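Convention: sequence-line order gives letters A, B, ...; per-chain numbering from 1. From a predicted model like this one, the values you see are computed outputs, not experimental measurements.
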2 protein chains.
Amino acid sequence: MSQEKTILIVDDEAAIRDMLRIALEMADYRCLEAADSQQAHTIIIDERPNLILLDWMLPGSSGIDLARRLKKDELTASIPIIMLTAKSEEDNKIQGLEIGADDYITKPFSPRELVARLKAVLRRTEGLTPLEPIEIEGLRMDPINHVVTLDDSPLQMGPTEYRLLSFFLTHQDRVYTRGQLLDHVWGGNVYVEERTVDVHIRRLRKALTTHDRFIQTVRGAGYRFSVKLVANA
Amino acid sequence: MSQEKTILIVDDEAAIRDMLRIALEMADYRCLEAADSQQAHTIIIDERPNLILLDWMLPGSSGIDLARRLKKDELTASIPIIMLTAKSEEDNKIQGLEIGADDYITKPFSPRELVARLKAVLRRTEGLTPLEPIEIEGLRMDPINHVVTLDDSPLQMGPTEYRLLSFFLTHQDRVYTRGQLLDHVWGGNVYVEERTVDVHIRRLRKALTTHDRFIQTVRGAGYRFSVKLVANA
DNA sequence: CGTTATGATGACATTTTTGTGACAGCGGTA
DNA sequence: TACCGCTGTCACAAAAATGTCATCATAACG
């Protein structure tokens with residue numbers, strides 16, 4: 001299960017888009033529908049990309065305006081942007097960096113360079129999770145060292161169980177269906193059997209051994225993580 | 001209150017120096033005396049700067065030679081360098097990065113861009129170069145003499161392994177993804193496969209032989225250096 | 001009770017991730 | 001020139017995690 005990243009391409013030249021798409025898909029990235037020239041200033045997508053490749057020159061609305069608007073909008077401000085500029089436009093790169101683009105690439109560029117820079121930008125913005133440790137009833141999860149302890153003794157579990165526990169700790173006292181758990185913990189667009197959730201719940205329970213009272217089964221509905229003991233309904 | 005960083009400016013144009021000084025001081029950095037054209041090849045300072053801004057073109061001795069010498073000298077090898085290049089020299093940027101400069105900026109640049117890049121470089125190299133020797137459990141790193149010993153017997157390792165260990169020693173008990181390690185240890189603008197990290201982790205582990213328990217693999221996440229933590233999560 | 005629906009559990013093949021040895025390129029040096 | 005150390009990448013081995021299934025246990029309900 002590779003952690004797939006999605007890239008949004010905004011360019012009005014179909015040839016460039018195709019080239020980008022091929023390069024990106026070879027590197028295991030998923031491309032979102034590239035906005036064409038006319039709608040470039042009103043991109044509507046129903047999925048949040050991990051990164052935006054934005055051409056500097058867009059007819060109607062210039063790429064830099066678009067970038068500025070994206071960076072202003074709360075919803076999109078945190079998405080890193082890489083600007084594509086023609087060589088003659090290179091002077092603009094400073095302006096591009098100033099308004100918040102995370103990198104720029106001058107055309108023509110090699111696919112390899114593109115992917116390399118893209119990786120660098122993604123990696124730079126990736127590790128920005130200075131989350132606070134969570135502790136309840138002796139169960140402590142510290143995302144900084146990626147360690148779960150129960151009464152100070154470390155617990156061992158797989159990555160999926162870790163994510164599952166992480167989700168539960170931040171969403172306590174509420175019942176989630178298997179489908180919802182798949183959405184939140186596995187990620188939206190994966191196809192796995194709902195029963196798989198049962199197995200991982202089992203594995204997480206085993207990892208928590210003595211404290212498996214935390215995870216409650218709600219028959220016919222799903223699972224709930226809670227410190228309080230709640231009667232099922 | 002702010003942890004003051006000192007920047008050494010090496011440029012023969014007084015106008016540039018003044019501009020840099022103003023920009024840097026506005027951003028709360030402290031500037032060291034800029035070497036002028038004549039002494040550029042024999043910088044003598046009595047304070048160790050946190051970063052060096054180095055002009056590519058220096059009369060008498062070219063900036064790149066100076067950079068190379070700085071990177072060779074044990075005392076200064078660990079100080080990050082940002083090269084300033086004129087636009088026409090941009091082809092040289094690759095060469096600059098190759099000899100060990102941590103970033104480059106092409107003139108003309110905005111003060112804002114300068115500070116942004118400078119911050120990025122400082123952030124990456126932060127804590128990477130302790131001035132005091134560090135010792136834990138018989139493992140001792142002496143940054144001044146650039147020597148690592150284990151129970152008083154010297155260990156041999158390559159430069160990359162040394163930097164990796166140096167980073168780990170100053171950032172213990174915390175998981176870093178391969179990408180983050182590339183960012184901090186290799187530098188932000190190198191394009192290297194993430195698996196390369198694995199290989200260097202292996203080489204470092206081999207160099208530490210008996211104490212390879214320090215470097216822990218956190219499956220699905222990255223690596224962690226720690227004396228105490230044992231179980232993964 | 002008996003029947004049925006739903007969850008728990010152990011086993012297992014497959015996939016993913018990491019460890020490891022080898023190798024070619026590069027720059028420095030004898 | 002030949003040699004040497006370091007580096008990044010690769011191919012393959014090893015290890016761990018994952019998803020699915022068959023089967024068992026239990027709750028719900030008549």
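Separation of atoms CD (Glu161(B)) and CD1 (Ile201(B)) is listed at 9.5 Å; rounding is to 0.5 Å.
Leu164(A) has its CG atom 15 Å from the P atom of dA17(D), to the nearest Å. One can place CZ of Arg205(A) at 13 Å from P of dG10(C), the figure rounded to the nearest angstrom. Separating the CG atom of Leu204(B) from the P atom of dG19(C) is a distance of 13 Å, rounded to the nearest angstrom. The distance between atom CD of Glu193(A) and atom P of dT20(D), rounded to the nearest whole Å, is 5 Å. If you measure from atom CG of Leu181(B) to atom P of dG8(D), you get 13 Å, rounded to the nearest angstrom. The distance between atom OH of Tyr191(A) and atom P of dT15(C), rounded to the nearest whole Å, is 16 Å. Rounded to an integer number of Å, the gap from CZ of Arg202(A) to C1' of dG10(C) is 7 Å. As a whole-Å value, the separation of Lys206(A) NZ from dT9(C) P is 9 Å.
For Ser153(B) (side chain) and Leu150(B) (main-chain N/O), a donor-acceptor pair under 3.5 Å exists by modelled atom type. Side-chain N or O atoms of Thr170(A) include one that pairs as donor or acceptor with a backbone N or O of Ser166(A) at under 3.5 Å. Using a distance-only test at 3.5 Å, with no hydrogens or angles considered, a donor-acceptor pair links the side chain of Arg224(B) to the main chain of Asn145(A). Checked by atom type and distance alone, the side chain of Arg140(A) never pairs as donor or acceptor with a backbone atom of Asp151(A) at under 3.5 Å.
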All N/O contacts under 3.5 Å from nucleotides 3-7 of chain D to the protein, with atom names and distances to one decimal?
unit_1	atom_1	unit_2	atom_2	d
dT7(D)	OP1	Thr160(B)	N	2.9
dT7(D)	OP1	Thr160(B)	OG1	2.4
dT7(D)	OP2	Glu161(B)	OE1	3.4
dT7(D)	O5'	Thr160(B)	OG1	3.4

Look for any protein N or O under 3.5 Å of an N or O in nucleotides 3-6 of chain C and output each such pair with its distance, or none.
unit_1	atom_1	unit_2	atom_2	d
dT6(C)	O4'	Arg219(A)	NH1	3.4
dT6(C)	O2	Arg219(A)	NH2	2.9

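Tested against Leu155(A), the residues Val147(A), Leu139(A), Thr149(A) include a single side chain to side chain contact (heavy atoms under 4.5 Å, CB included) partner, Leu139(A). The side chain to side chain contact (heavy atoms under 4.5 Å, CB included) test with Tyr223(B) singles out one residue from Arg178(B), Gln216(B), Gln180(B), and that residue is Arg178(B).
Between Ile201(A) and Gly222(B), the residue anchored nearer the 5' end of DNA chain C, judged by the nucleotide with its closest heavy atom, is Ile201(A).
As judged by a 4.0 angstrom heavy-atom cut-off over every strand, Tyr223(B) is placed among residues touching the sugar-phosphate backbone only.
Looking at Thr160(A) and Arg163(A), their side chains do bring a donor and an acceptor atom within 3.5 Å of each other.
In this structure Arg195(B) satisfies the side chain to side chain donor-acceptor pair (under 3.5 Å) test together with Asp198(B), sequence neighbours excluded.
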